[in-house]
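Have a look at the structure below, then the notes.
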Protein chains: 2
Amino acid sequence: MGERFLKSIRLLAECMQGYERLSGEYVRRCGLTHAQFDIIATLGNTPGMSYKELGDKTLITKGTLTGVIERLEQKGLVERQRSDCDKRSFFVRLTKAGEQTFCTAFPAVVAQSGKVFKDYSEDDFARLESALSALKQVIMAGQAASAPHRECD
Amino acid sequence: MGERFLKSIRLLAECMQGYERLSGEYVRRCGLTHAQFDIIATLGNTPGMSYKELGDKTLITKGTLTGVIERLEQKGLVERQRSDCDKRSFFVRLTKAGEQTFCTAFPAVVAQSGKVFKDYSEDDFARLESALSALKQVIMAGQAASAPHRECD
DNA sequence: TATTGTTATACTCTATAACTATA
DNA sequence: TATAGTTATAGAGTATAACAATA
């Protein structure tokens with residue numbers, strides 16, 4: 001009976017699915033998959049980062065990341081450069097074209113999907129952010145707690 | 001500059017990703033994929049429903065749904081039955097084994113992933129649900145509004 | 001020895017569209 | 001004509017594990 005949280009999770013999932021359905025349409029119009037858009041959005045406004053960092057931020061595992069980056073490289077949207085300090089590591093960054101995609105596709109997706117918030121007040125946003133920040137905190141704490149057990153069981 | 005909502009969306013995505021990472025581990029331990037678990041969870045505690053309804057609820061398109069249901073059928077977790085009233089339609093429901101999976105896998109996933117909420121108060125839940133309900137409402141309204149335009153552009 | 005990224009395998013999901021059978 | 005579900009195709013993400021090069 002302690003499943004009080006299920007309603008919240010269901011709502012969370014519905015919101016996320018709903019938003020992804022909304023934005024996904026525009027993402028696809030840019031010729032990107034969700035994962036590719038994720039990478040572009042993560043690399044945008046940064047000097048670039050390693051595969052490792054990119055994988056951590058996007059939840060894409062390294063094996064998959066190779067493929068995703070490969071396809072983005074073929075499209076000319078990202079480029080890789082060996083890291084100076086650690087020669088095992090690659091540094092991934094947006095190309096000019098990638099930055100342009102970021103600067104057009106990202107705002108386009110944002111603008112279209114953001115329409116639904118037109119009647120949101122400052123208070124509405126504050127409440128939502130506050131509730132989600134608290135949620136994020138316990139979830140991240142839970143991940144940190146369970147992660148070390150991965151190999152023990 | 002009207003991107004006030006981006007922070008909320010980012011938080012939403014982080015929460016969802018975090019929760020999916022948490023629960024995904026347990027889902028996989030039950031031998032189910034995310035989509036399969038989604039179907040099982042949706043069919044649980046219902047007398048069953050049509051493909052159409054199932055697709056609407058899970059956001060899985062009909063073409064994909066055929067495959068997902070097929071694999072669940074092979075595992076003996078769901079069964080299909082032609083609808084009496086509409087012979088085009090199939091009625092999908094959990095088998096005994098499927099119900100058992102629902103009754104064990106679902107609570108297991110729920111129990112494990114629910115651990116992170118152990119310190120959540122009634123008020124915390126109320127705030128979260130309230131904020132998410134409001135969010136869901138505007139997103140769903142946005143979907144309804146944009147859906148008819150799909151073929152116009 | 002541990003870590004970064006690659007490669008290979010096998011499976012699953014996705015979008016799309018043409019198709020069948022029923023309404 | 002429209003709808004429920006199937007089939008086919010092509011592409012993409014996932015888990016897993018063995019592997020090379022570097023630390």
Side-chain angles (χ1 to χ4, degrees), chain A residues 17 20-21 23-40 42 48-75 77-93 148 150-151, chain B residues 17 20-21 23-40 42 48-75 77-93 147 150-151:
Chain A
Q17 282 188 323
E20 285 195 344
R21 174 149 49 175
S23 63
E25 199 176 329
Y26 303 106
V27 169
R28 255 175 281 118
R29 267 182 214 177
C30 305
L32 298 172
T33 66
H34 187 75
Q36 288 169 0
F37 183 78
D38 214 9
I39 299 288
I40 299 283
T42 304
M49 61 190 75
S50 70
Y51 270 51
K52 179 95 175 74
E53 206 176 339
L54 207 43
D56 288 343
K57 292 204 178 192
T58 57
L59 282 192
I60 300 177
T61 53
K62 61 180 183 178
T64 303
L65 201 55
T66 299
V68 178
I69 296 294
E70 205 171 73
R71 284 179 279 274
L72 282 174
E73 210 178 6
Q74 279 168 8
K75 289 181 183 178
L77 300 180
V78 305
E79 62 188 2
R80 298 179 310 164
Q81 191 179 353
R82 284 208 176 282
S83 174
D84 290 335
C85 36
D86 188 337
K87 287 181 182 168
R88 292 173 304 183
S89 188
F90 271 109
F91 205 69
V92 190
R93 84 177 88 201
R150 260 191 222 166
E151 290 136 346
Chain B
Q17 281 188 323
E20 285 194 345
R21 173 146 53 173
S23 64
E25 200 175 329
Y26 303 107
V27 168
R28 255 175 280 121
R29 265 182 216 178
C30 305
L32 297 172
T33 65
H34 188 75
Q36 288 169 1
F37 183 78
D38 213 10
I39 299 289
I40 299 282
T42 303
M49 60 190 75
S50 69
Y51 269 51
K52 179 95 175 75
E53 205 175 341
L54 207 44
D56 287 344
K57 292 203 179 192
T58 56
L59 282 192
I60 300 176
T61 53
K62 60 182 183 178
T64 303
L65 201 55
T66 299
V68 178
I69 296 294
E70 205 171 73
R71 283 178 280 273
L72 283 173
E73 210 178 8
Q74 279 168 7
K75 289 181 183 176
L77 299 180
V78 305
E79 62 188 3
R80 297 180 310 164
Q81 192 179 353
R82 284 209 175 280
S83 174
D84 291 334
C85 37
D86 187 338
K87 287 181 182 169
R88 292 172 304 183
S89 187
F90 271 109
F91 205 69
V92 189
R93 85 177 87 200
R150 260 190 222 166
E151 290 137 347

Atom CG of Asp56(B) and atom P of dT3(D) are separated, to the nearest Å, by 13 Å
Atom CD of Gln17(B) and atom P of dT14(D) are separated, to the nearest Å, by 10 Å
Margin query: Quick test of your reading of the model: are Arg29(A) and Glu25(A) salt-bridged, counting only N-O distances below 4.0 Å?
Written below: yes
Applying ring-ring contact (aromatic ring centres under 6.0 Å, His included) to Phe91(B) and not counting sequence neighbours gives none
With no hydrogens and no angle check, is any side-chain donor or acceptor of Thr64(A) less than 3.5 Å from a backbone partner on Ile60(A)?
no
Item to check | Backbone of Phe90(B) reached by a side-chain donor or acceptor of Arg80(B) within 3.5 Å | outcome: no
Separation of dT12(C) atom P from Leu32(B) atom CG, nearest Å, is 11 Å
Would you find more than 12 non-hydrogen atoms of other residues, nucleotides or ligands less than 6.0 Å from Lys75(B) atom NZ? yes
| Going through the distances and angles, do Val68(B) and Asp38(B) end up as a side chain to side chain contact (heavy atoms under 4.5 Å, CB included)? | CA-CA 10 Å; Val68(B) 178; Asp38(B) 213 10; over 6 Å; no
To the nearest angstrom, the CG-C1' distance between Leu54(B) and dA4(D) comes to 13 Å
Atom CD of Glu53(B) and atom P of dT3(D) are separated, to the nearest Å, by 17 Å
Under the rule of Watson-Crick or G-U wobble with both distances under 3.5 Å, where | means paired to another strand and [ ] a crossing pair, DNA chain C maps to |||||||||||||||||||||||
message: Measuring to OP1 and OP2 of dT3(D), would you say a side-chain N or O of Tyr51(B) lies under 4.0 angstrom away?
response: no
d(Leu72(A) CG, Leu32(A) CG) to nearest 0.5 Å is 7.0 Å
Taken to the nearest whole Å, CG/Leu65(B) to C1'/dT7(D) is 14 Å
Would you indicate, yes or no, if dA4(D) has its OP1 or OP2 atom less than 4.0 angstrom from a side-chain nitrogen or oxygen of Ser50(B)? no
Rounding to 0.5 Å, atoms CZ (Phe37(B)) and OG1 (Thr42(B)) come to a distance of 9.5 Å
Letter by letter from the 5' end, nucleotides 13-23 of chain C scores (B base, S sugar-phosphate only, - none; protein heavy atoms under 4.0 Å) SBS-----BBS
Gln74(A) CD to dA12(D) P, in whole Å, measures 9 Å
To the nearest 0.5 Å, atom CZ of Arg88(A) lies from atom CZ of Arg82(A) at 11.5 Å
note: Met49(B), atom CE; dG5(D), atom P; distance rounded to Å ~ 12 Å
